[in-house]
Visitor: 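The structure follows.
Every value quoted in this text rests on a predicted model; they were computed, and no experiment measured them.
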Amino acid sequence: MNGSGKPESVDFIREIINEDIKNGKHEGRVHTRFPPEPNGYLHLGHAKSICLNFGIADEYKGQCNLRFDDTNPTKEEVEYVESIQEDVKWLGFDWEDRLFFASDYFDVLYDYAEKLILMGKAFVCDLNADQMREYRGTLTEPGKESPYRNRSIEENLDLFRRMKAGEFPEGSRTLRARIDMASPNINMRDPVIYRIMFAHHHRTGDKWCIYPMYDYAHCISDAQEGITHSICTLEFEDHRPLYDWFLDVLETPHHPQQIEFAKLNVAYTIFSKRRLNELVKRGITSGWDDPAMPSLAGIRRRGYTPEAIRKFATIVGVAKRDTLSDMALLEYCIREDLNKKAQRAMAVLKPLKLIITNYPDGESEELEAVNNPEDPAMGTRKVPFGRELYIERDDFMENPVKGYFRLFPGNEVRLRWAYFVKCNDFRKDPVTGEVTEIYCTYDPESKGGNSSDGRKVKSTIHWVNAGKCISAEVRLYDRLFTVPDPADAEEGKTWIDYINPHVLDIVKDAKLEPFMAGAVPGINYQFERLGYFVADSKDSAPGSPVFNRTVTLKDSWAKLAAK
RNA sequence: UGCCGGGUCGUCUAACGGUAGGACAGCGCCCUUUGGAGGCGUUUGCGUAGGUUCGAAUCCUGCCCCGGCAGCCA
C-alpha cells in the first residue's frame with residue numbers, strides 16, 4: 001500500500017509473479033537472470049533489463065544470476081565479459097557466486113540433442129544456407145520439408161556424432177529440430193539447433209566444433225539454473241513457442257516462463273550496438289567510454305551515478321508497448337540525485353575581468369562559502385577574494401534586455417558569498433567591440449552577501465579571483481543527435497546525418513576556485529549556476545583535472561531569453 | 001497482404017465493469033545569497049465506429065495505425 005491507501009500498482013511482470021507465488025508455481029520461488037552476449041559494451045537499455053531482473057530478485061527475496069550467452073565464439077570476446085561484470089557491479093547489483101556461462105552447459109546441451117535425435121525430434125540436415133532459406137518458405141507461404149528430414153535415428157546419431165568429431169566442413173550440415181515446416185511461426189519451421197564452427201571459444205577452447213543456437217541453448221540454460229521467470233525483450237515473443245517446445249519435449253526438470261517486455265529507447269540517442277560501434281569506428285566519439293555515448297562506461301565517465309540510473313529505470317517502468325522516453329526524464333533523475341549530494345564550486349567558463357575600483361590594491365581576504373545548501377553537514381570552505389575577479393561573460397550586458405537582472409551599467413548585484421557590487425563603467429576592445437573589462441565599486445558593508453541597510457539585489461552571480469584561480473579544460477557535452485529518433489531518417493538521409501555538431505564543446509581555459517585543483521575523478525560537483533561536472537577519469541592528471549559536464553542546471557533565464 | 005504483439009496527457013506509466021490518476025516536461029504564482037533547489041496551483045489524454053451494460057479505457061465486433069518475425073546472430 002502507498003500513502004494514499006490505494007493498493008500499490010505493479011507492472012505486468014510483477015503481476016504475473018504475484019499470481020505465480022499465490023498459486024505456488026515454482027514452489028513460490030523467484031529466480032531471474034541477466035543474460036548478455038559478450039559481444040559489446042552494456043548501455044542504458046541493458047541497464048533497464050539489469051534493474052528489472054536484479055530488482056525483482058531483490059524485492060521477492062529471490063536470486064538473479066549473471067549468465068553470459070556465449071554460444072557464438074566468432075562474435076564474442078573476454079574483453080566484454082569483463083566490462084559487463086564491471087558495469088553490473090557499478091550499477092549496484094550482486095550475482096554473488098552465480099556467474100554462469102551458456103558454455104557451462106555445452107555437455108548437457110549435447111546430451112539433450114542426442115536425446116532429441118533418439119526421440120525422432122531432431123535430424124541432421126545437409127542443406128546449405130541458401131537452400132535452407134529456400135525451403136523455409138516466406139512470411140506468407142509455408143516451407144517445404146528438407147529431403148533429409150526422414151533419415152533414420154541411427155543415421156542421424158552417427159552423423160551428429162561425426163559433426164561433433166569434426167569430420168565435416170563448416171556449413172556443410174546442421175542439426176535441426178523436427179517440428180513443422182508449415183507453421184505460421186517461422187521459428188517453428190525445423191529450426192537449426194547446432195551448426196558447425198571451427199572456432200576457438202573463449203572458455204571451452206577448441207573442445208567443440210559444433211555450437212548450439214540461441215533458441216536451443218537459452219531455454220535449457222534457464223532450466224538448468226532453475227530460473228522461474230525468464231525476462232526478455234519483445235522481439236523474442238515469437239520464439240516463446242520454441243522455448244516451450246524444447247523444454248516440453250525434453251521434459252526438463254524445470255520449465256521457466258518466458259516473459260517479454262518492451263526495451264528502452266531514449267530520445268536524441270541510440271542504443272543499437274551496430275550504430276554505436278560505427279560512431280566509434282568513424283571517430284565521431286573517442287571510444288565506447290566516450291562521455292557522449294549512452295554506454296554505461298560512457299555515462300559513468302560523464303558523471304551519471306548508479307542511483308540516478310536505477311531511479312530512471314524505475315520511472316520509465318515496464319510494459320509491452322514500444323516507447324521513446326523523454327531525455328528530460330533521465331536528466332531529472334541525475335539532477336535530483338546530484339542536487340542533494342554534489343559539493344558546490346564556482347567556475348567561470350567564459351571569463352570577463354571585473355575590477356573593483358574601491359577595493360584596496362594588493363589586499364585580499366578569504367570568504368566563507370557553503371559547500372552544499374541542501375546539506376549543511378557538508379560544511380563550508382574559504383574562497384579567496386580580491387580586487388580583480390573573473391565573472392561569466394553572460395552575466396554582463398551593455399544594454400540589458402527586459403527581464404535581465406544581472407550586471408549592467410548602473411546595476412547592483414551580489415557576488416556569491418562575497419559582496420554587493422555596482423557596475424560603473426566598462427571598457428571595450430576598439431577593434432572588435434568586445435567588452436574587455438568592467439569596473440565596479442563594492443559595498444564593504446555587504447560582506448557575506450547581505451546589505452546592512454536591507455537593500456536587495458535581484459541577482460547573484462558567481463566569480464573567481466583572477467589572481468588565485470586555476471585554469472582547466474571543461475568539456476561541455478550535449479545530446480548526441482539533433483532529432484528525437486535518428487533511426488527514423490527522412491528520404492535521402494541516414495541516422496549519421498543527425499549527429500549533433502555540438503555534442504561536445506570544449507572550453508580550454510575555464511577559471512575555477514583553487515580547491516578544484518584537487519578534484520578527484522568520480523566525485524561530482526555542481527559548478528554554481530552552470531551544471532553538474534565531474535573530473536574526467538581518463539584525461540585528468542593529479543592537480544590538473546579536466547572536467548566533463550554531466551548535465552546543465554535547469555536554466556529558466558535561458559528559456560525566458562529565448563522567447 | 002501470413003503469424004505474433006501493441007495503441008491512455010507532449011513523454012513515461014496507473015486503472016482490471018463504477019469519479020481517467022501519478023511522475024517528467026510546460027505554464028502561473030510564492031519563496032530563494034544558484035534565474036538552481038523547494039512550495040502551491042494549473043493546462044493537456046482513453047486510435048476509430050458500433051455493440052453488450054444502469055454504467056466501458058476495461059468485455060465483444062469491425063476498421064485504422066504502429067512494432068516484430070523469412071541468420072547456420074542473440
Side-chain angles (χ1 to χ4, degrees), chain A residues 2 4 6-11 15 35-37 39 69 71-72 74-76 125 127-129 132-133 136-143 170-176 183-189 191-197 210-211 213-215 217-218 232-241 260 262 267 273 314-333 335-336 339-340 344 346 369-370 373-374 403-406 414-418 448-450 457-462 484 526-531 552-561:
Chain A
N2 58 23
S4 68
K6 282 186 182 168
E8 199 81 64
S9 69
V10 295
D11 58 68
E15 218 165 83
E37 184 188 12
N39 71 340
D69 224 328
T71 56
N72 186 348
T74 62
K75 296 195 169 173
E76 296 148 7
C125 184
L127 255 27
N128 65 33
M132 207 179 291
R133 186 160 39 247
R136 187 157 35 233
T138 68
L139 293 176
T140 52
E141 304 153 25
E170 229 168 74
S172 63
R173 283 181 227 262
T174 55
L175 182 73
R176 292 225 260 164
S183 172
N185 181 343
I186 290 180
N187 296 120
M188 301 301 272
R189 318 238 264 229
V192 170
I193 62 187
Y194 266 96
R195 72 289 215 191
I196 299 170
M197 288 176 134
I210 55 171
Y211 291 94
M213 297 288 288
Y214 165 85
D215 284 306
H218 201 85
C232 62
T233 45
L234 248 29
E235 67 265 31
F236 292 103
E237 213 153 16
D238 290 342
H239 296 239
R240 192 172 64 232
E260 310 86 10
K273 265 181 200 171
T314 304
I315 235 175
V316 295
V318 34
K320 292 195 73 159
R321 65 168 134 159
D322 302 302
T323 57
L324 185 60
S325 290
D326 206 323
M327 192 61 130
L329 242 35
L330 217 208
E331 295 183 340
Y332 161 76
C333 293
R335 286 191 188 112
E336 187 203 48
N339 177 47
K340 296 195 193 84
R344 314 282 129 124
M346 291 195 282
V370 171
E374 300 291 319
Y404 187 85
F405 305 141
R406 281 114 93 152
R414 172 168 38 231
L415 295 176
R416 180 137 239 225
W417 309 123
N450 287 104
V457 289
K458 292 192 91 168
S459 176
T460 301
I461 65 174
H462 61 276
Q526 184 196 101
F527 291 174
E528 296 215 48
R529 305 210 301 136
L530 298 176
T552 61
L553 243 32
K554 280 209 287 187
D555 188 347
S556 50
W557 164 245
K559 237 178 278 172
L560 225 180

Visitor: Nearest whole Å is fine: how far is rG71(B) C1' from Y211(A) OH?
Guide: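 Interatomic distance, OH of Y211(A) to C1' of rG71(B): 18 Å.
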
Visitor: What integer distance in Å separates F236(A):CZ from rC3(B):C1'?
Guide: 18 Å

Visitor: Any base atoms under 4.0 Å from L330(A), or only sugar-phosphate, or nothing? Heavy atoms, all strands.
Guide: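 No contact at all - L330(A) keeps every heavy atom at 4.0 Å or more from the nucleic acid.
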
Visitor: Have a look at T71(A) and say if it touches a base, only the backbone sugar-phosphate, or nothing, with a 4.0 Å heavy-atom cut-off.
Guide: sugar-phosphate

Visitor: Would you mind reading off the distance between L139(A) atom CG and rG71(B) atom C1', rounded to a whole angstrom?
Guide: 14 Å

Visitor: So F527(A), base contact, sugar-phosphate only, or nothing? Heavy-atom distance under 4.0 Å.
Guide: nothing

Visitor: Residues in side-chain contact (heavy atoms from CB on, under 4.5 Å) with T233(A), at least two apart?
Guide: E235(A), F236(A), F261(A), K263(A)

Visitor: At under 4.0 Å between heavy atoms, what does E374(A) touch on the DNA or RNA strands: base, sugar-phosphate, or nothing?
Guide: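 Base, at least one base heavy atom under 4.0 Å.
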
Visitor: Regarding rC16(B), can its base be found pairing with the side chain of E15(A) as donor and acceptor, where the two atoms are less than 3.5 Å apart?
Guide: yes

Visitor: Would rG50(B) be called syn or anti here, given the cut-off of 90° from 0?
Guide: anti

Visitor: Rounding to the closest angstrom, what is the interatomic distance between rC66(B) and rU1(B) at atom P?
Guide: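 That atom pair is separated by 12 Å.
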
Visitor: Please work out if S556(A) contacts a base, only the sugar-phosphate, or nothing of the nucleic acid, heavy-atom cut-off 4.0 Å.
Guide: sugar-phosphate

Visitor: Classify the side chain of R133(A) and the base of rG71(B) as holding, or not holding, a donor-acceptor pair under 3.5 Å.
Guide: no

Visitor: For the C1' atoms, the ones on rC3(B) and on rA14(B), what distance do you get once it is rounded to whole angstrom?
Guide: 31 Å

Visitor: I'd like the P distance from rG50(B) over to rA57(B), given in whole Å.
Guide: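 Pairwise P distance, rA57(B) against rG50(B), rounds to 15 Å.
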
Visitor: Answer with base, sugar-phosphate or nothing: what part of the nucleic acid does G403(A) contact at a heavy-atom distance below 4.0 Å?
Guide: base

Visitor: For a quick check of understanding: with a heavy-atom distance under 4.0 Å over all strands, which category does Q526(A) fall into, base, sugar-phosphate or nothing?
Guide: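 Counting heavy atoms under 4.0 Å across all strands, the contact made by Q526(A) includes a base.
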
Visitor: Using a heavy-atom cut-off of 4.0 Å across all strands, would you classify N39(A) as base, sugar-phosphate, or nothing?
Guide: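 The answer is nothing, as N39(A) stays clear of every strand by at least 4.0 Å.
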
Visitor: For A328(A), which contact category applies under a 4.0 Å heavy-atom criterion: base, sugar-phosphate, or nothing?
Guide: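 Answer is sugar-phosphate: A328(A) comes under 4.0 Å of backbone atoms only.
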
Visitor: Between rA56(B) and rA20(B), how far apart are the C1' atoms? Round to whole Å, please.
Guide: 12 Å

Visitor: Within the 4.0 Å heavy-atom criterion, would you say K75(A) contacts the bases, only the backbone, or no part of the nucleic acid?
Guide: sugar-phosphate

Visitor: Taking only the P atom of each, what is the distance from rG2(B) to rG17(B) in whole angstrom?
Guide: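 Each nucleotide's P atom is 34 Å from the other's.
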
Visitor: For M213(A), answer base if it contacts any base atom (sugar-phosphate contacts may also be present), sugar-phosphate if it contacts only those atoms, and nothing otherwise; contact means non-hydrogen atoms under 4.0 Å.
Guide: sugar-phosphate

Visitor: Return yes if the base of rG67(B) and the side-chain atoms of E237(A) contain a donor-acceptor N/O pair under 3.5 Å, otherwise no.
Guide: no

Visitor: Distance check: side-chain N/O of R406(A) vs OP1/OP2 of rU34(B), anything under 4.0 Å?
Guide: no

Visitor: Using the P atom on both, measure rA15(B) against rC9(B) and round to a whole Å.
Guide: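 Looking at atom P only, rA15(B) and rC9(B) are 16 Å apart.
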
Visitor: Can you work out whether Y332(A) or P184(A) has the more 5'-proximal nearest nucleotide on RNA chain B?
Guide: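 Result: P184(A).
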
Visitor: Counting only side-chain nitrogens and oxygens, does R344(A) get under 4.0 Å of the OP1 or OP2 atom of rA37(B)?
Guide: no

Visitor: Hey, which sits more toward the 5' end of RNA chain B by its nearest nucleotide, M132(A) or D238(A)?
Guide: D238(A)

Visitor: Between the protein and nucleotides 9-13 of chain B, list the N/O to N/O atom pairs that are separated by less than 3.5 angstrom.
Guide:
from: rU11(B); atom 1: O3'; to: L324(A); atom 2: O; distance (Å): 3.1
from: rU11(B); atom 1: O2'; to: D326(A); atom 2: N; distance (Å): 3.1
from: rC12(B); atom 1: OP1; to: L324(A); atom 2: N; distance (Å): 2.9
from: rC12(B); atom 1: O2'; to: V316(A); atom 2: O; distance (Å): 2.6
from: rU13(B); atom 1: OP2; to: R321(A); atom 2: NE; distance (Å): 3.4

Visitor: In whole angstroms, how far is the P atom of rA70(B) from the CD1 atom of I186(A)?
Guide: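 In whole Å, rA70(B) P lies 7 Å from I186(A) CD1.
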
Visitor: Scan P142(A) against the nucleic acid and name what it touches under 4.0 Å (heavy atoms): base, sugar-phosphate only, or nothing.
Guide: nothing

Visitor: What is the separation between atom CZ on R416(A) and atom P on rG36(B), rounded to the nearest whole Å?
Guide: 12 Å

Visitor: Distance check, C1' atoms only: rA74(B) and rU58(B), in whole angstrom units.
Guide: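 The same atom, C1', in both gives a distance of 36 Å.
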
Visitor: Measuring to OP1 and OP2 of rG26(B), would you say a side-chain N or O of K559(A) lies under 4.0 angstrom away?
Guide: yes

Visitor: Whole angstroms only, please: what is the CG-P distance between L530(A) and rU34(B)?
Guide: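 L530(A) atom CG is separated from rU34(B) atom P by 14 Å.
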
Visitor: If a pair means Watson-Crick or G-U wobble with both distances below 3.5 Å, what does RNA chain B look like in dot-bracket form, with | marking bases paired to a different strand?
Guide: .((((((..((((....[..)))).(((((.......)))))....(((((..]....))))))))))).....

Visitor: CZ of R529(A) versus C1' of rA37(B): gap in Å, rounded?
Guide: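 To the nearest whole Å, that distance equals 15 Å.
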
Visitor: What's H239(A) touching, base or sugar-phosphate or nothing? Going by heavy atoms closer than 4.0 Å.
Guide: base

Visitor: Determine the interatomic distance between C1' on rC24(B) and the same-named atom on rU44(B); round to the nearest Å.
Guide: 14 Å

